[in-house]
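Structure, as structure tokens:
In what follows, chains carry the letters A, B, and so on, assigned in the order in which the sequence lines appear, proteins first and then strands, with residues in each chain numbered from 1.
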2 protein chains.
Amino acid sequence: MSKRTMQRDQIELHQRGMKNTKQRNMVYHVLKQSESPLTADDIFSELQRQSCHISLSTVYRVLELFTDRGLIIKTTLLLQNKAVYEFINKDQTHYLICMHCHRNIPIEYCPVHEIEEDLVRKTQFKIIGHRLDIYGFCPECQKKMDKE
Amino acid sequence: MSKRTMQRDQIELHQRGMKNTKQRNMVYHVLKQSESPLTADDIFSELQRQSCHISLSTVYRVLELFTDRGLIIKTTLLLQNKAVYEFINKDQTHYLICMHCHRNIPIEYCPVHEIEEDLVRKTQFKIIGHRLDIYGFCPECQKKMDKE
DNA sequence: AATGTAAATGCGAATCATTCGCATTTAGTA
DNA sequence: TACTAAATGCGAATGATTCGCATTTACATT
């Protein structure tokens with residue numbers, strides 16, 4: 001990781017009122033470099049792989065901090081009992097999920113932007129992200145269930 | 001619970017290819033009578049309160065079954081590490097959630113219906129419900145965080 | 001640059017939601 | 001009424017997450 005990158009992150013953490021520590025930077029980077037949401041344990045393992053020392057409890061504590069500061073969001077995947085974390089961005093991908101086989105299909109179009117402006121005006125919230133899951137049955141499972 | 005109600009539920013369970021058991025009916029009714037999503041333990045406790053015997057593992061097993069059959073959905077509340085279950089309905093309420101104080105504000109308008117028809121055509125899914133959470137900071141927390 | 005202090009971390013134990021194995025019971029059918 | 005596969009109860013096991021406390025660290029101040 002370059003010195004310049006390091007410095008940029010320090011500024012980002014400080015701006016949000018967080019102390020800058022080695023561990024926080026490590027977690028930050030693992031999340032930043034991932035394309036998909038990660039569990040606490042994913043992050044812990046990846047850091048071990050990189051020979052970076054951190055304790056699992058610290059990973060959890062850092063994730064909680066980042067979540068409270070609105071840097072990342074914590075959600076869960078359907079049918080998994082563990083939390084996943086990812087950077088918040090305004091163009092979150094959404095999913096169509098089959099309730100039976102639990103297949104996930106990404107949805108391109110996002111209908112949320114249209115109502116955002118209106119919500120901001122009404123609630124004074126500062127909106128930083130959102131999540132949309134649509135539930136149903138895929139064609140295959142519909143067939144399977146009809147047979148039963 | 002009236003005999004007529006009992007019978008209606010039996011038909012509903014059978015139609016979806018499920019055996020009708022005392023325990024399934026009990027869980028079904030607790031969910032049906034609740035306005036808000038419930039955890040497995042909520043359901044277990046409510047049934048104990050009613051002096052209805054059921055084991056907690058059975059509650060979990062019934063909830064999993066109902067989920068796979070598309071009767072209910074399993075989701076999680078922000079910042080809680082346990083699943084909640086509720087009947088699926090097409091007019092799910094959505095929430096605006098403050099990342100800092102975890103306050104939930106219900107949103108009236110739902111932007112999902114508009115894209116549903118299009119999704120069905122493209123994917124052949126049978127859509128039965130959806131969930132939308134919007135993340136942000138409430139006005140109070142924005143102020144608090146500026147001061148820090 | 002050295003110091004002081006509140007905050008952050010590491011470690012292991014504790015907690016709590018959820019799942020599993022297996023013996024027993026039950027729903028639905030013949 | 002009897003049969004059989006499926007459902008349940010119970011308690012133990014699992015696995016994610018949190019907590020307590022001793023140690024270390026960031027960073028503001030001298």
Side-chain angles (χ1 to χ4, degrees), chain A residues 6-7 9-28 30 37-48 51-69 71-72 74-85 102 148, chain B residues 6-7 9-28 30 37-48 51-69 71-72 74-85 102 148:
Chain A
M6 268 308 249
Q7 213 159 20
D9 304 339
Q10 282 185 25
I11 290 162
E12 174 151 19
L13 293 182
H14 275 148
Q15 273 177 345
R16 293 175 185 252
M18 294 183 265
K19 235 191 221 180
N20 181 277
T21 70
K22 201 160 21 106
Q23 290 83 346
R24 289 177 184 176
N25 271 290
M26 281 154 44
V27 172
Y28 186 101
V30 173
L38 300 175
T39 64
D41 200 65
D42 291 339
I43 295 170
F44 178 65
S45 307
E46 171 57 20
L47 286 170
Q48 289 206 308
S51 310
C52 295
H53 185 83
I54 191 169
S55 108
L56 183 55
S57 353
T58 301
V59 174
Y60 276 106
R61 281 187 286 232
V62 171
L63 289 171
E64 188 184 357
L65 177 72
F66 286 0
T67 303
D68 282 354
R69 299 305 173 123
L71 215 55
I72 61 179
K74 172 185 184 179
T75 50
T76 45
L77 302 180
L78 192 79
L79 268 255
Q80 293 205 242
N81 295 313
K82 49 189 164 183
V84 293
Y85 302 83
H102 310 141
E148 276 166 21
Chain B
M6 268 307 248
Q7 215 159 18
D9 304 340
Q10 282 184 27
I11 291 163
E12 174 150 20
L13 292 182
H14 275 148
Q15 274 178 343
R16 295 176 183 250
M18 295 184 264
K19 236 190 220 178
N20 181 278
T21 69
K22 202 160 20 108
Q23 290 83 348
R24 289 177 184 177
N25 271 290
M26 280 154 45
V27 171
Y28 186 101
V30 173
L38 300 175
T39 64
D41 200 66
D42 290 339
I43 295 170
F44 179 64
S45 308
E46 171 57 18
L47 286 170
Q48 289 207 307
S51 310
C52 297
H53 184 82
I54 191 169
S55 106
L56 183 55
S57 353
T58 301
V59 175
Y60 276 106
R61 281 186 287 231
V62 171
L63 289 171
E64 189 184 357
L65 178 72
F66 286 180
T67 303
D68 281 355
R69 299 305 173 122
L71 216 55
I72 61 178
K74 171 185 183 178
T75 51
T76 45
L77 302 180
L78 193 79
L79 269 252
Q80 293 204 243
N81 295 314
K82 50 190 163 183
V84 292
Y85 302 83
H102 310 142
E148 275 166 24

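At least one side-chain nitrogen or oxygen of B:Tyr60 sits closer than 4.0 Å to the OP1 or OP2 atom of C:dT18. Taking side-chain N and O atoms only, B:Thr21 has no distance below 4.0 Å to OP1 or OP2 of D:dA6. Put simply, A:Asn81 has a side-chain N or O that comes within less than 4.0 Å of OP1 or OP2 on C:dT19. Phosphate proximity of C:dG10 to A:Gln23: present, with a side-chain N or O under 4.0 Å from OP1 or OP2. The phosphate of C:dG28 has OP1 or OP2 within less than 4.0 Å of a side-chain N or O from B:His14.
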* Structure fact -> Per-nt protein contacts along nucleotides 10-15 of chain D (heavy atom under 4.0 Å; B base, S backbone sugar-phosphate only, - none) come out as BB----
* To do: Just do the side-chain contact (heavy atoms from CB on, under 4.5 Å) check on B:Phe66 and B:Arg16 with the steps written out, would you?
  => CA-CA 10 Å; B:Phe66 286 180; B:Arg16 295 176 183 250; over 6 Å; no
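We find that CG of A:Asn25 is positioned 15 Å from C1' of C:dT9, with the value rounded to whole Å. With rounding to whole Å, B:Leu47 atom CG is found 10 Å from D:dG9 atom P. Separating the CG atom of A:Asn20 from the P atom of C:dA8 is a distance of 12 Å, rounded to the nearest angstrom. In this structure, A:Leu56 places its CG atom 13 Å from P of C:dT9, rounding to the nearest Å. D:dA26 atom C1' lies 13 Å from atom CG of A:Leu13, rounded to whole Å. When the C1' atom of D:dA16 is taken as reference, atom OH of A:Tyr85 falls 10 Å away, rounded to whole Å. Atom CE in B:Met26 sits about 16 Å away from atom P in D:dA7, given to the nearest Å. What separates CD of A:Glu64 from C1' of C:dA8 is a distance of 13 Å, to the nearest Å.
Comparing B:Lys19 and B:Ala40 by the nucleotide of DNA chain C whose heavy atom lies nearest to each, the residue mapping closer to the 5' end is B:Ala40.
The CD1 atom of B:Ile43 sits 9.0 Å away from the CD1 atom of B:Ile54 when rounded to the nearest 0.5 Å. Atom CG of A:Asp42 sits about 11.0 Å away from atom CG of A:Leu47, to the nearest 0.5 Å.
Nearest heavy-atom pair across B:Ser55 and B:Phe44 is C-CE1, 4.1 Å. Across A:Gly17 and A:Arg69, no two heavy atoms sit closer than the pair O-NH1, 3.7 Å. When all heavy atoms of B:Val30 and B:Glu46 are compared, the pair lying nearest together is CG1-CG, 3.9 Å.
Of the residues listed (A:Thr75, A:Leu38, A:Ile72), the one engaging A:Tyr85 in a side-chain contact (heavy atoms from CB on, under 4.5 Å) is A:Ile72, and it is the only one.
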